[in-house]
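Quick note on labels: first sequence line is chain A, next is B, and so on, each numbered from 1.
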Amino acid sequence: MKKPTGTYARIYTVVRRIPIGRVATYGQVAGLAGLGGHARQVGYAVSALPDESNVPWHRVINARGEISPRGEPGGDLEQRSLLEAEGVQFNAGGRISLERYRWRPRTGLP
DNA sequence: TTTATGGCTGTCA
DNA sequence: ATGACAGCCATAA
């Protein structure tokens, strides 16, 4: 294992661990990344993610189980599209059932 | 070095 | 149920 410098790298690593058909909240990723409750950093890290990154940032959503309205128009729509393509279903209003699609990590936790 | 910003979260009314 | 407020930290300029 290496020691990735920068908090972003850590977040990307966690997001990459999210399986298909599953979603994780910013707070969840933050906790797994070791940030602990600092979900905001996750959002900024993902916002800075380059398109060539193999990080499924679209699998990361807010605690409401919905996609955050980022500053880029259409961005949230594309995220929803990607999730639906993976098999994630949205409720009326574009919300996801966290109780059903929330990613539950097993190994790697203390 | 400091300043400003930001795809969040949790609590209260 | 919804709306509003404050707090935490890293990155970039």
Taking only the side-chain nitrogens and oxygens of A:Ser47, find out if one of them lies under 4.0 Å from OP1 or OP2 of B:dG6.
-> no
With the side chain counted from C-beta on, respond yes when A:Ser68 and A:Gln79 share a heavy-atom pair under 4.5 Å apart, and no when they do not.
-> no
Gap between atoms CG and C1', on A:Asn62 and B:dG6 respectively (whole Å) = 15 Å
Rounded to the nearest Å, what distance is computed from the OH atom of residue A:Tyr26 to the P atom of nucleotide B:dG10?
-> 14 Å
For A:Ala24 against A:Ile18, the heavy-atom pair lying closest together | CB-CD1, 3.8 Å
After noting the C-alpha distance and the side-chain angles of A:Ile61 and A:Ile96, does the key distance pass the side chain to side chain contact (heavy atoms under 4.5 Å, CB included) rule?
-> CA-CA 9 Å; A:Ile61 57 180; A:Ile96 307 174; 4.0 Å; yes
Verify the cluster assignment for A:Ile11 and A:Ile67: are they in a single hydrophobic cluster under the rule of side-chain heavy atoms below 4.5 Å apart?
-> no
Minimal heavy-atom distance between A:Gly93 and A:Glu66, with the atoms involved, is O-OE2, 3.3 Å
For the pair made of CG in A:Asp76 and C1' in B:dC8, what is the distance, rounded to whole Å?
-> 16 Å
A correct 5'-to-3' footprint of nucleotides 3-10 of chain C, with B, S and - meaning base, sugar-phosphate only and no protein heavy atom under 4.0 Å, is ----BBBB
Determine whether A:Arg59 and A:Leu83 make a side-chain contact, defined as any pair of heavy atoms from C-beta on separated by less than 4.5 Å.
-> yes
When the distance from CD1 of A:Ile61 to P of B:dT9 is rounded to whole Å, what number comes out?
-> 9 Å
Grab the CD-P distance between A:Glu66 and C:dA1 for me, whole Å please.
-> 14 Å
Watson-Crick or G-U pairs under 3.5 Å in DNA chain C, rendered as dot-bracket with [ ] for crossing pairs and | for another strand = .||||||.|||||
Select base, sugar-phosphate, or nothing to describe what A:Val60 touches, counting heavy atoms under 4.0 Å on all strands.
-> base
Under the side chain to side chain contact (heavy atoms under 4.5 Å, CB included) criterion, do A:Arg80 and A:Phe90 qualify, and how do the steps go?
-> CA-CA 8 Å; A:Arg80 185 171 104 179; A:Phe90 283 72; 3.5 Å; yes
Report yes if the side chains of A:Tyr8 and A:Val55 come closer than 4.5 Å at any heavy-atom pair, otherwise no.
-> no
